[in-house]
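For reference, the structure is listed below as structure tokens.
Proteins get letters first, then strands, A, B, ... in listed order; numbering begins at 1 in each.
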Amino acid sequence: MVGNVSDAPAPAETSSVVRLQEHIIEIVSDSGEGAQKAGQAYGAISAKMGNGVWTVEIIPAEIKPPARSRAGASGIRVRVGAREITNMGDEADLVLALNEQVLYGRIEQGAYKPGTVVLLESKWAHDGLAEVREAYAKAVAEFRALGLDVRELPLEQACLEVTPDPRVGKNMFVLGMLCRLCNRDMQRARDEVSFMFKRKGDEVVARNVALVEAGYEFAKHNLDMEFEIPPAPRDHQVVVMNGNQAAGLGIMASGMEMVAMYPITPATSVSHYLAGAFQKVGGCVHQAEDEIAAVGFAIGASYAGKTACTITSGPGLALKTEFLALAVMAEVPLVVVLVQRGGPSTGLPTKVEQGDLLAVLYGQPGDAPKIVLAASTIEECFHMMVTARKLAEAFRTPVIVLTDANLATGVQPFRRPEVHAEWMAAPLDQSPWDPEITAYDWNETTGLSPRPIPGQRGGQYVLTGLAHTRFAKVAYDPHANQTGCDMRSRKLAALASTLKPPQVNGEPEGELLVVGWGSTRGAIEEAVDRVRADGHQVSSLHLRFLSPMEPGLAEIFARFEKVMTIEINYSDAADAPLVGTSGQRRLAQLATLLRAQTLVDIDSWSNVFGQPLQPGPIHDEIVRRLQHGGDACSA
Amino acid sequence: MVGNVSDAPAPAETSSVVRLQEHIIEIVSDSGEGAQKAGQAYGAISAKMGNGVWTVEIIPAEIKPPARSRAGASGIRVRVGAREITNMGDEADLVLALNEQVLYGRIEQGAYKPGTVVLLESKWAHDGLAEVREAYAKAVAEFRALGLDVRELPLEQACLEVTPDPRVGKNMFVLGMLCRLCNRDMQRARDEVSFMFKRKGDEVVARNVALVEAGYEFAKHNLDMEFEIPPAPRDHQVVVMNGNQAAGLGIMASGMEMVAMYPITPATSVSHYLAGAFQKVGGCVHQAEDEIAAVGFAIGASYAGKTACTITSGPGLALKTEFLALAVMAEVPLVVVLVQRGGPSTGLPTKVEQGDLLAVLYGQPGDAPKIVLAASTIEECFHMMVTARKLAEAFRTPVIVLTDANLATGVQPFRRPEVHAEWMAAPLDQSPWDPEITAYDWNETTGLSPRPIPGQRGGQYVLTGLAHTRFAKVAYDPHANQTGCDMRSRKLAALASTLKPPQVNGEPEGELLVVGWGSTRGAIEEAVDRVRADGHQVSSLHLRFLSPMEPGLAEIFARFEKVMTIEINYSDAADAPLVGTSGQRRLAQLATLLRAQTLVDIDSWSNVFGQPLQPGPIHDEIVRRLQHGGDACSA
Amino acid sequence: MFGLKSDPSTELPERYFSLEDYEGGVARWCPGCGDLGVLTAVQRICRAEQLPPEKVVCVSGIGCSSRFPHYVGTYGFHGLHGRPLPVACGIKSRRPDLTVWVATGDGDCCSIGAGHWIHALRYNMDMVVMLFDNSVYGLTKKQTSPTTPQGMSTNTHPSGAWLPPLDPLTAMLGMTNVSFLAQTVDWNPAHLHATLAAAYRHKGLGFVRILQRCPTYSAGVFEDLQRDPSRLLMLTGPRGIQVEPAIANMFPNKREHDPSDLGTARAICEAHDPVPIGLLFQDESRPCYDAFTNHGLGMPTADKVAALEKELDRFTV
Amino acid sequence: MFGLKSDPSTELPERYFSLEDYEGGVARWCPGCGDLGVLTAVQRICRAEQLPPEKVVCVSGIGCSSRFPHYVGTYGFHGLHGRPLPVACGIKSRRPDLTVWVATGDGDCCSIGAGHWIHALRYNMDMVVMLFDNSVYGLTKKQTSPTTPQGMSTNTHPSGAWLPPLDPLTAMLGMTNVSFLAQTVDWNPAHLHATLAAAYRHKGLGFVRILQRCPTYSAGVFEDLQRDPSRLLMLTGPRGIQVEPAIANMFPNKREHDPSDLGTARAICEAHDPVPIGLLFQDESRPCYDAFTNHGLGMPTADKVAALEKELDRFTV
Ligand SMILES: Cc1ncc(C[n+]2csc(CCOP(=O)(O)OP(=O)(O)O)c2C)c(N)n1
Ligand SMILES: Cc1ncc(C[n+]2csc(CCOP(=O)(O)OP(=O)(O)O)c2C)c(N)n1
Ligand code: SF4
Ligand code: SF4
Ligand SMILES: [Mg+2]
Ligand SMILES: [Mg+2]
């Protein structure tokens with residue numbers, strides 16, 4: 001590669017194409033500059049070309065942070081690969097930045113490495129304000145000192161040749177540049193842009209296509225690099241979407257027709273999507289007055305035979321605690337989608353955490369056994385909704401599906417689901433109820449019972465959250481309460497007995513087994529693959545069922561010298577002050593559960609950085625553990 | 001003992017006094033007949049005489065159940081002993097019943113044994129309604145068939161000689177009978193009754209004293225038995241009260257002046273007591289519009305420097321979940337008294353359960369470390385409030401004190417506390433704040449920090465439930481959040497490092513260690529003492545700190561062959577169907593915690609009968625475990 | 001799948017429902033409790049309307065009054081304290097074919113449930129809401145409720161309730177989208193029946209506040225009103241609650257009232273004395289939320305699958 | 001004990017507070033957001049009243065408007081969504097010496113916080129409550145709020161909000177024990193200031209609904225009102241909000257109003273058009289809950305110990 005491109009771009013038509021297995025780009029800017037749109041289009045084009053893709057938004061903390069502020073980085077990261085991409089990866093290879101200040105925040109977050117190419121808008125070097133010019137110059141020098149390969153480019157000026165208002169069009173210009181640099185199919189790019197702006201009329205479409213083409217040409221003439229990421233062969237249609245859209249589609253595919261919610265980040269966008277989509281597919285989003293009312297409303301619909309869904313995040317879950325216990329106690333099918341964010345309390349509303357596992361399992365006073373699943377991919381966000389509705393009805397209980405901010409906003413292509421009519425709820429059963437069958441006709445072994453639906457003649461009963469008999473009659477005597485609790489608990493054993501042991505990723509035995517759950521799967525498996533490639537006997541295991549858990553865990557664990565979980569939630573560092581003396585280290589949530597269940601000495605490695613886990617740090621931590629041979633050193 | 005006394009009482013002045021180490025009586029009736037008043041007076045007289053006493057109410061499910069109904073038993077049990085009495089004991093020795101139907105429910109609950117003497121109102125034998133007469137005769141025959149020693153007595157008729165309206169006075173007559181039978185000091189009885197009715201005027205006092213005396217004479221002439229329970233020597237003053245009154249007094253003794261609550265059984269009576277008492281001691285009970293508002297109000301007062309308390313039970317706790325997490329996150333001192341009842345959901349409002357331990361520890365989304373204590377006696381209900389307020393302020397965090405329906409309504413004498421001025425909160429600090437000290441000036445080792453109180457000049461800060469720095473500034477960056485979580489968690493390690501290992505009851509090593517927490521202590525220790533007397537090496541351990549736990553548990557456990565918990569909450573029976581095949585037995589709550597922490601194979605024995613544990617069944621279960629040598633057989 | 005057999009039978013023989021068809025377990029309220037009269041009234045209306053018991057759902061919160069569903073032979077939902085309204089709305093949302101009666105107490109509705117109360121009035125879904133206002137917390141044994149008269153001694157305010165009571169009527173008359181508001185008393189079965197029947201017939205949310213005696217914990221609160229009917233103001237008029245002349249004659253104090261006249265309704269309630277009974281306000285033109293929540297009801301599965309495929313097309317690359 | 005040093009200093013040198021003393025961090029609202037004007041008004045009132053910054057607490061829920069405390073140099077409590085009022089009341093309960101300003105949004109107050117709203121009005125504790133009504137959920141990016149105009153498109157109701165908006169004014173005028181209710185607009189600083197100042201001076205809960213512009217998510221909702229001041233009805237009168245004649249002249253539409261006249265206040269609000277600004281209702285005679293929650297404040301420890309010993313006597317056998 002040749003040295004930095006300065007303001008006076010040198011012609012660079014001599015570049016030769018570098019073939020890559022994967023490539024990570026970022027577009028960062030002030031908010032409102034359209035970086036996310038450009039990145040999404042770039043991801044979509046790549047997906048269409050057959051590449052694996054993972055897209056993740058870079059979100060500033062405030063709605064409208066001031067321009068050119070360090071914490072104001074708004075944008076997108078797109079990781080494209082020759083095979084399926086399951087996570088955001090490590091440091092970016094190429095960054096397109098519309099101002100230099102927003103890069104500081106990203107650098108602090110470890111998003112780049114020495115050698116990362118930064119294509120930087122250079123207009124700030126000529127800004128009217130001296131302080132802007134100085135800040136720019138200082139930043140460029142600092143970035144270079146850090147080893148970033150900064151290329152200063154007059155993007156705005158170049159755009160002006162195509163559009164009178166570059167602030168609006170620059171993102172498409174950037175897209176064009178990326179198409180050239182990464183060898184994207186320009187026809188697909190034109191189509192994508194045309195589709196995006198279709199509603200705004202031909203003129204807008206034409207202008208934006210022109211911008212993309214201008215960007216392409218600009219890169220071709222000004223930058224001496226060109227990559228190629230070969231596609232993975234694919235024999236099926238794919239869809240591209242984020243986890244919240246996938247959950248929304250899954251809800252509709254499950255036949256649920258009522259989603260009751262109260263707005264809360266990062267869950268709300270499921271309802272934004274559904275508010276429109278239900279108009280076509282039939283159904284209703286009820287925005288309730290609060291989270292308590294939302295879950296109550298969903299329970300009402302479910303009780304009346306139309307299993308419903310409520311969607312929320314941490315603080316909303318807290319408010320639903322009482323109703324959740326009622327649904328368990330009175331055996332009402334219900335689906336709860338919990339899009340986890342950073343906690344506790346209001347915490348980190350836009351950031352990722354897997355911190356609500358224990359709260360969903362144990363949050364309700366008394367014994368409230370329920371089914372808990374965790375989606376590990378965007379595709380699972382779709383399919384688990386179908387499973388959840390079925391389980392909720394079959395087991396007459398709430399089913400909680402855990403996702404998180406990483407899945408919610410991440411975008412990934414996956415095999416287009418073929419919707420089956422059987423996925424949808426059966427039509428409302430209004431046939432007469434057999435009067436011989438009680439309202440809770442518990443099977444002693446499984447705890448399961450059929451459920452009368454209002455409208456079914458002869459099925460009349462009164463649902464209650466008080467202790468009750470199989471006739472649904474309130475009863476305070478010791479045995480009635482014990483029986484009710486037994487029956488509700490047995491449903492979990494019954495479900496567990498139908499599950500298969502989970503598949504180990506890698507060899508079934510070895511030095512170390514890494515256990516995870518939820519959205520970290522891609523990063524963990526990628527890291528474990530790398531460690532194995534380094535020559536270590538490391539495998540990983542990912543749990544989809546958290547309550548009940550899949551069977552056979554103790555047996556799987558027994559074949560490894562060490563077992564640890566990797567999670568995005570809080571744990572005390574093993575070497576934290578005083579933790580040693582008190583002998584009570586607080587471990588990560590899944591680790592705590594697995595220890596109690598299997599009595600295996602399971603360690604955990606976790607943090608509450610609010611960031612998706614990346615394969616690099618996981619890889620390094622695993623290697624460190626293997627070398628130290630002990631669990632005394634962790635962070 | 002001579003045969004049954006029939007309607008025509010035989011003179012029986014020949015009895016000789018039987019000396020007993022302890023004696024359990026019950027008075028049962030329809031609700032509204034004053035049985036509880038009589039029993040409380042009997043307990044108070046016994047306490048004054050220097051006996052150990054445990055009083056527990058028998059509460060019907062409905063406010064006004066129909067008269068003479070099987071489930072309608074209302075009344076009281078009083079266990080009196082020659083030493084301290086810590087629990088309700090096993091079957092009653094003597095029962096005074098105002099109708100026969102209410103006995104059915106008690107019999108079903110296992111309250112009596114063959115040989116239990118039942119002194120039964122005989123007027124129903126002559127009732128105007130044939131069905132009543134028949135029911136009565138049938139019941140008496142059935143009771144005798146069960147081995148109960150039924151003595152039919154014309155109580156109402158005897159009362160009529162002293163009062164025109166025996167329905168109102170019969171309870172005092174019964175008290176007099178008990179005084180004779182159990183050799184209670186009649187002067188103390190007269191004083192007690194005079195005190196009870198003082199406010200109603202001399203005439204009422206005189207009539208009731210006369211009733212007591214008539215009852216005494218009646219028993220003397222009609223019953224051939226007389227017991228004596230020698231007092232334990234005592235060199236200090238004692239108070240007699242239930243756990244809710246003790247908590248109320250403790251709250252005042254701690255200097256807390258604000259209790260915000262919403263009515264909920266069995267917690268409400270704390271506020272009933274305080275609503276009056278605060279008028280004298282200075283303070284206020286705020287009955288809020290709901291439980292959320294109650295805890296918010298308490299947090300407001302606490303934030304403003306007046307550490308406050310909120311009192312609730314299961315469903316209320318569920319609603320407070322979100323605010324609890326805020327108090328943890330923003331480090332607001334707060335005392336929560338949780339009077340546990342049967343769950344989940346509305347559950348068993350008047351019954352006992354220890355089912356909320358996991359919910360208080362883990363109920364809040366995200367990581368919310370807090371201090372959790374459990375009172376094991378009524379005396380501790382008092383003293384723990386003082387401790388709780390101090391801990392809340394020193395550790396700048398919520399402290400949850402767990403009690404339960406058993407402690408709430410049980411009555412026991414205990415050493416009269418000497419109130420110390422130092423127990424009370426210091427006067428509000430309004431001195432200027434050192435501007436060098438940040439709002440969260442965390443000590444890196446302990447996580448502790450001093451707290452600015454509104455009014456302190458220079459201490460201005462904005463409390464927030466968002467992730468924040470030590471300056472109380474909102475911060476979304478990875479390290480700020482990690483640091484905040486670390487600091488909050490370290491407070492637990494810091495507190496743990498100041499605690500001593502708990503005392504084992506019995507030998508420090510042996511075949512079996514029984515671990516418990518909360519109100520079961522008396523019953524467990526009594527049972528363990530009995531098993532030891534049988535010749536087994538069994539000890540028990542009772543935990544007062546549940547978060548953080550007292551140190552040294554693993555070491556203590558290591559000295560026993562087996563460790564098990566005994567709790568009043570749900571666990572799967574080891575032999576429950578399918579539990580074996582799935583390998584996921586759901587254990588009792590403390591057992592789950594201890595397993596995760598110590599990796600010791602701790603079994604649990606628990607039930608959700610809604611009843612206080614009794615020493616007899618515990619004894620039997622321990623013996624069964626010792627004999628079977630395994631944990632495969634439990635209930 | 002459990003509970004969802006797939007062959008709903010369509011033809012049913014004609015049925016006649018008697019009072020027993022609407023009876024549930026034995027009511028366990030205290031002697032003299034006003035709740036019993038309301039139960040009877042609802043059962044009679046069900047019979048009068050010949051509602052199939054399986055098509056009726058009684059929804060309640062927690063409290064003495066919330067035991068209501070247990071005593072009715074229909075479906076019932078005895079839920080959480082303060083939360084009957086969200087549940088009832090949820091039931092209605094996808095089951096417009098069911099008749100919903102809501103039983104709630106003054107604590108349940110006006111204290112812990114107050115937020116839902118405001119919003120359920122706004123949603124205006126087709127159901128009857130009966131506020132059993134006994135001015136006290138009954139089930140938990142005499143604590144102050146929002147409607148407890150100032151000065152009345154309770155267990156949480158032994159020296160007397162501190163604040164003037166919240167007036168549910170004036171509160172509701174200020175709330176948006178209220179469509180039916182009436183008041184009645186438990187001790188006049190005819191007026192009670194007529195009022196509940198009118199609420200039942202109303203399209204939208206029919207809210208009835210029932211002054212309900214609780215001899216156990218708030219004896220005396222309505223004693224005056226009961227003893228001296230002239231303390232009540234009976235609202236009359238062609239669009240109001242219609243009772244037999246014999247019943248009407250029991251109330252010496254009457255006033256003709258047009259239930260579309262919101263201002264006058266407010267003034268009547270604001271006066272507090274005499275206490276109005278009858279229909280205060282009605283407006284059937286107010287929008288009902290049911291119309292939105294019912295969207296796509298009964299859409300055939302095949303159509304749903306097709307629509308969903310179209311949605312998936314949008315995401316297909 | 002931490003945080004409770006035991007020697008409060010009593011003598012302080014005399015201080016003068018300038019606007020900077022009331023400034024907190026840099027406000028991060030969108031350009032053109034109406035919240036900024038309210039912030040300025042409160043800071044100016046604090047200065048005008050020379051309130052020591054440490055004696056002021058700003059309490060809020062969650063929402064754009066609830067960021068308010070972060071931008072004020074006083075103590076602040078940025079709590080939970082919907083729950084500022086219980087916290088504010090709790091603060092006041094044992095600290096009558098503190099001045100409390102509450103910032104809440106239309107979602108925060110009228111949706112999730114509606115139950116507390118009703119009851120805080122009843123408690124009538126001495127504080128100012130500012131409802132920042134921008135007719136939308138701002139912080140969560142444009143969902144329907146209870147005050148969103150019917151038909152306005154939001155992310156949860158893309159085809160337009162379904163129901164008529166809840167009118168907070170008529171709602172509050174129906175609630176018991178309301179003692180001060182005013183309305184103002186963010187874009188007239190003088191009227192805004194005068195209204196908040198009057199609420200501050202009011203003994204009891206001073207509730208001010210502020211029509212607040214959100215150019216980002218509900219642009220246009222108040223555009224008409226701002227462009228055409230004749231759409232506003234300025235309430236005047238000797239007991240109302242007093243502004244300079246130059247300001248008053250900006251509002252062509254005026255009406256003399258006696259704030260003790262509840263009926264007229266209701267009628268004015270019910271009309272909806274023109275939109276009233278000024279003092280709708282005030283009654284300083286309504287009881288304040290503070291009087292009860294403050295019981296025994298400052299009672300010496302020795303007296304408390306003695307009283308407690310007496311209590312223990314009652315249980316001593
Ligand atoms: C969340 C919750 N809080 C408190 C309670 C306790 N509780 C049950 S009923 C009730 C009040 C009952 O009063 P009201 O609603 O007026 O009904 P009534 O008994 O007078 O008919 C209360 C506080 C509860 N069950 N759940
Ligand atoms: C319990 C809970 N539910 C939901 C949210 C998400 N949330 C934050 S602010 C907000 C609404 C904000 O609207 P409003 O109160 O009108 O304030 P504005 O932003 O418009 O000033 C919501 C729903 C939350 N933080 N907590
Ligand atoms: S306590 Fe009152 S409301 Fe409850 S059942 Fe008895 S009389 Fe009725
Ligand atoms: S979104 Fe609206 S309310 Fe929020 S800061 Fe921006 S303009 Fe203000
Ligand atoms: Mg009531
Ligand atoms: Mg708003």
Side-chain angles (χ1 to χ4, degrees), chain A residues 44 47-48 237-241 249 252-253 257-258 260 277-278 280-284 286 288-290 292-293 296-301 303-306 322-323 326 393-394 396 413 416-417 419 421 424 426-427 429-432 448 450-451 453-457 459-465, chain C residues 1-9 12 24-25 52-55 57-59 62 69-70 72-80 83 85-95 97-98 115-116 118-119 292-297 299 301-305 307-312 315-317:
Chain A
K48 284 187 178 154
Q237 274 196 310
V238 299
V239 285
V240 179
M241 64 184 74
L249 280 158
M252 294 190 292
E257 294 175 343
M258 172 53 67
F278 265 146
K280 300 169 234 163
V281 183
C284 170
H286 169 54
E289 60 270 27
D290 63 19
I292 299 176
F297 197 97
I299 286 174
Y303 164 78
K306 292 297 216 168
E322 193 192 7
F323 253 127
L326 176 74
E393 290 181 1
R396 201 175 174 177
R416 177 179 165 142
V419 180
M424 304 236 168
D429 183 3
Q430 294 286 278
S431 63
L448 298 179
R451 181 168 75 108
I453 303 288
Q456 284 194 286
R457 178 176 172 181
Q460 293 97 301
Y461 74 106
V462 180
L463 178 148
T464 177
Chain C
M1 196 103 322
F2 286 101
L4 289 176
K5 306 188 202 113
S6 43
D7 52 349
S9 59
L12 289 173
E54 69 272 15
K55 295 290 253 181
V57 188
C58 298
V59 181
I62 300 281
H70 290 285
V72 189
T74 65
Y75 281 91
F77 192 113
H78 178 210
L80 296 182
R83 321 292 174 195
L85 289 167
V87 170
C89 291
I91 292 171
K92 262 299 193 190
S93 73
R94 303 298 288 173
R95 293 299 304 276
D97 56 315
L98 300 175
H116 310 307
I118 295 190
H119 287 277
F292 304 99
T293 61
N294 289 339
H295 176 79
L297 207 67
M299 183 170 173
T301 302
D303 292 4
K304 292 180 82 80
V305 170
L308 198 54
E309 291 287 3
K310 265 208 184 138
E311 271 303 294
L312 280 166
F315 295 93
T316 302
V317 296

Exercise. What distance do A:Met252 atom CE and C:Glu311 atom CD have between them, rounded to the nearest 0.5 Å?
Worked result: 5.0 Å

Problem set entry | Closest contact, heavy atoms only, A:Glu289 versus C:Pro86 | OE2-CG, 4.4 Å

For this session: Would you please test C:Glu54 and A:Arg457 for side chain to side chain contact (heavy atoms under 4.5 Å, CB included) and show each step?
Result: CA-CA 5 Å; C:Glu54 69 272 15; A:Arg457 178 176 172 181; 3.6 Å; yes

For this session: Side-chain contact test, heavy atoms from C-beta onward, threshold under 4.5 Å: evaluate it for A:Phe323 versus C:Leu80 and give yes or no.
Result: yes

Seminar exercise, completed: The interface call for C:Pro53 against chain A, heavy-atom contacts under 4.5 Å, is both

For this session: Just do the side chain to side chain contact (heavy atoms under 4.5 Å, CB included) check on C:Asp97 and A:Gln430 with the steps written out, would you?
Result: CA-CA 12 Å; C:Asp97 56 315; A:Gln430 294 286 278; 4.2 Å; yes

Seminar exercise, completed: Of A:Gly459, A:Ala44, A:Gly465, the largest count of non-hydrogen pairs under 4.5 angstrom with chain C goes to A:Gly459

Exercise. Contact part of C:Leu98 toward chain A, heavy-atom cut-off under 4.5 Å: side chain, backbone, both or neither?
Worked result: side chain

Problem set entry | Contact leader toward chain A among C:Ala302, C:Gly296, C:Ser93, where contacts are heavy-atom pairs under 4.5 Å | C:Ser93

For this session: Name the region of A:Pro454, side chain, backbone, both or neither, that has any atom closer than 4.5 Å to a heavy atom of chain C.
Result: both

Exercise. Any idea which of A:Lys306, A:Met424, A:Arg416, A:Lys280 has the most non-hydrogen atom pairs under 4.5 angstrom with chain C?
Worked result: A:Arg416

Exercise. How far apart are the closest heavy atoms of C:Ile91 and A:Gly300, and which atoms are they?
Worked result: CG1-O, 3.2 Å

For this session: Take C:Thr316 and A:Val238 through the test side chain to side chain contact (heavy atoms under 4.5 Å, CB included) and record every step on the way to the result.
Result: CA-CA 6 Å; C:Thr316 302; A:Val238 299; over 6 Å; no

Seminar exercise, completed: Rounded to the nearest 0.5 angstrom, the OG1-CD distance for C:Thr74 and A:Gln460 is 7.0 Å

Exercise. Within the distance-only criterion (no hydrogens, no angle test), does the side chain of C:His295 pair as donor or acceptor with the backbone N or O of A:Phe278 below 3.5 angstrom?
Worked result: yes

Exercise. What's the shortest heavy-atom distance between A:Gly455 and C:Lys55, and which atoms?
Worked result: CA-CD, 4.0 Å

Exercise. Quick one: of A:Met258, A:Arg396, A:Met241, A:Glu257, who has the most non-hydrogen atom pairs under 4.5 Å with chain C?
Worked result: A:Glu257

Exercise. Top residue by heavy-atom pair count (under 4.5 Å) with chain A, among C:Gly79, C:Cys89, C:Gly76, C:Cys58?
Worked result: C:Gly76

Problem set entry | Straight-line distance of A:Tyr303 OH to C:Arg95 CZ, nearest 0.5 Å | 10.0 Å

Exercise. Who among C:Arg94, C:Lys92, C:Arg83, C:Lys310 has the most heavy-atom pairs with chain A under 4.5 Å?
Worked result: C:Arg94

Exercise. In Å and rounded to the nearest 0.5 Å, what is the NE2 to CG distance from C:His78 to A:Leu326?
Worked result: 10.0 Å

Exercise. Yes or no on side chain to side chain contact (heavy atoms under 4.5 Å, CB included) for A:Ile299 and C:Phe77, after CA distance, side-chain angles and deciding distance?
Worked result: CA-CA 10 Å; A:Ile299 286 174; C:Phe77 192 113; 3.6 Å; yes

Problem set entry | C:Asp303, part contacting chain A, at a heavy-atom distance under 4.5 Å | neither

Problem set entry | Which atoms of A:Ala298 approach chain C - backbone, side chain, both or neither, heavy atom under 4.5 Å | neither

For this session: Answer with side chain, backbone, both or neither: which region of C:Phe292 has an atom nearer than 4.5 Å to a non-hydrogen atom of chain A?
Result: backbone

Problem set entry | Region of A:Ala253 that comes under 4.5 Å of a non-hydrogen atom in chain C | both

For this session: Return the minimal non-hydrogen interatomic distance between C:Lys304 and A:Val281, and the atom names on each side.
Result: NZ-O, 3.0 Å

Exercise. So which of C:Ile118, C:Thr301, C:Leu308, C:Leu85 has the largest heavy-atom pair count under 4.5 angstrom toward chain A?
Worked result: C:Leu308

Seminar exercise, completed: Whatever's closer than 4.5 Å to a heavy atom in chain A on C:Val305 counts as both

Exercise. Below 4.5 Å, heavy atoms only, C-beta onward: do A:Leu249 and C:Phe315 meet side chain to side chain?
Worked result: yes

Exercise. Heavy-atom distance under 4.5 Å to chain C: side chain of A:Tyr461, backbone, both or neither?
Worked result: both

